[in-house]
Amino acid sequence: VIFQPELRKVLEKAVSVPPHRLKDQDTELQSLIAESLVKLAREHCGAILVFPGKEPIKDKISGGYQLNAVPSLPLILSIFDPNSPGHDGAVIIEGNKLTQFGVRLPMSQSARLSEEYGTRHHAAMGLAEQTDALTLVVSEERGKVSIFTNGTMQPARNANDITEAIVEHQQQMGF
């Protein structure tokens, strides 16, 4: 008990993660998501992933299943496999976890997207119009990734565009 402050310092050092390691973990998540989406696009397998912003999205979304899982390429590919029960819904990513899957998003009520885009795109636009979330969509028809934020849609040309969009979103939100 006499050495309690010294013991606490030793334990704090033993369990603390250096800031550069946290940054590496964040970069790993961003790269993993980008790699997953590019692979899904190549296979023409539809997907939708949501990174919430500061505004709550709970009152905008519905359905789905609780997950609370560490992201991995096999897990993400499994969720969006057409035989998976939640493949048509969105995956919610909070912090470094996949927290929900099979989630329904609000449909856009505007005419910002043409009718040639499908349900995933209109749902992503709906969330982008109502919140500050970042939503990433893979079109199964086109085999392309689109980035939705602040009521806009931008095409992602490659994995780097996806990674940059996630990094920018996290920086803007202060995450």
Side-chain angles (χ1 to χ4, degrees), residues 20-53 57 61 63-108 113-114 116-128 131-150 152-173 175:
H20 71 278
R21 284 287 299 143
L22 288 173
K23 188 172 196 260
D24 292 346
Q25 288 172 347
D26 286 349
T27 304
E28 287 173 25
L29 172 68
Q30 296 150 354
S31 298
L32 170 70
I33 298 301
E35 178 187 352
S36 300
L37 294 179
V38 167
K39 184 165 181 51
L40 288 163
R42 222 178 287 127
E43 296 173 3
H44 287 261
C45 187
I48 185 165
L49 287 91
V50 176
F51 288 85
I57 64 169
I61 63 176
Y65 307 93
Q66 291 300 312
L67 188 58
N68 199 30
V70 175
S72 69
L73 182 62
L75 178 59
I76 293 169
L77 297 179
S78 296
I79 289 170
F80 293 111
D81 180 291
N83 298 312
S84 167
H87 80 278
D88 277 334
V91 166
I92 309 297
I93 303 171
E94 297 176 284
N96 289 331
K97 299 271 183 140
L98 306 181
T99 59
Q100 292 177 273
F101 75 102
V103 174
R104 290 184 299 277
L105 305 180
M107 297 299 284
S108 174
L113 286 182
S114 93
E116 71 184 50
Y117 289 102
T119 304
R120 281 187 187 93
H121 289 78
H122 285 275
M125 181 59 79
L127 193 64
T131 71
D132 60 353
L134 168 70
T135 306
L136 305 168
V137 175
V138 177
S139 168
E140 60 189 271
E141 291 84 18
R142 293 177 188 80
K144 305 264 185 216
V145 179
S146 299
I147 301 165
F148 291 81
T149 186
N150 299 318
T152 65
M153 179 184 90
Q154 299 172 11
R157 297 178 307 257
N158 52 39
N160 193 47
D161 283 357
I162 299 166
T163 302
E164 285 179 11
I166 298 167
V167 168
E168 184 178 316
H169 174 73
Q170 291 172 328
Q171 287 174 345
Q172 286 178 348
M173 297 302 135
F175 301 144

Problem set entry | Steps toward side-chain contact (heavy atoms from CB on, under 4.5 Å) verdict (V137, F148) | CA-CA 8 Å; V137 175; F148 291 81; 3.7 Å; yes

For this session: Test E35 against K39 for salt bridge (charged side-chain N to carboxylate O under 4.0 Å, His left out), laying out the working first.
Result: CA-CA 6 Å; E35 178 187 352; K39 184 165 181 51; over 6 Å; no

Exercise. Would D161 and V145 satisfy side-chain contact (heavy atoms from CB on, under 4.5 Å), going step by step from the backbone distance to the final call?
Worked result: CA-CA 10 Å; D161 283 357; V145 179; over 6 Å; no

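Counting heavy atoms from C-beta on, the side chains of M173 and L134 never come closer than 4.5 Å. E94 has its side chain within reach of P52: a pair of non-hydrogen atoms, C-beta onward, lies under 4.5 Å apart. The shortest distance between side-chain heavy atoms of M107 and T119 falls below 4.5 Å. Between I147 and L136 there is a side-chain heavy-atom pair separated by less than 4.5 Å. At least one side-chain heavy atom of E116 sits less than 4.5 Å from a side-chain heavy atom of R142. Looking only at side-chain heavy atoms (C-beta outward), I33 and F51 come within less than 4.5 Å of each other. Using a 4.5 Å heavy-atom threshold, the side chains of V50 and V103 count as separate.
The shortest non-hydrogen separation linking M125 to S108 is CG-OG, 3.7 Å. The nearest pair of heavy atoms linking A124 to T135 is CB-CG2, 3.6 Å. Closest non-hydrogen pair, L127 versus L105, comes out as CD2-CD2, 4.1 Å.
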Only pairs under 3.5 Å count here: list side-chain donor-acceptor contacts from residues 66-79, not counting sequence neighbours, and write none if there are none.
unit_1 : atom_1 : unit_2 : atom_2 : d
S72    : OG     : L75    : N      : 3.2
S78    : OG     : P74    : O      : 2.7

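Rounded to the nearest 0.5 Å, atoms NE2 (H44) and NZ (K144) are 8.0 Å apart. Annotation: the span from R157 atom CZ to I162 atom CD1 amounts to 11.0 Å, rounded to 0.5 Å. For the atom pair L37 CG and T163 OG1, the distance stands at 9.5 Å (nearest 0.5 Å). Atom OG1 of T99 sits about 8.5 Å away from atom CD1 of I93, to the nearest 0.5 Å. Annotation: the span from M153 atom CE to H122 atom NE2 amounts to 9.5 Å, rounded to 0.5 Å. Remark: Q30 CD to E164 CD distance equals 10.5 Å, nearest 0.5 Å.
Remark: Y117 pairs with H121 by the ring-ring contact (aromatic ring centres under 6.0 Å, His included) rule, at least two apart or across chains. By the side-chain hydrogen bond (donor to acceptor under 3.5 Å, both in side chains) test, D88 pairs with R120, sequence neighbours left out.
In this structure, the side chain of S84 does not engage the main chain of F80 through any donor-acceptor pair within 3.5 Å. Between the side chain of T152 and the backbone N or O of T149 there is at least one donor-acceptor pair closer than 3.5 Å.
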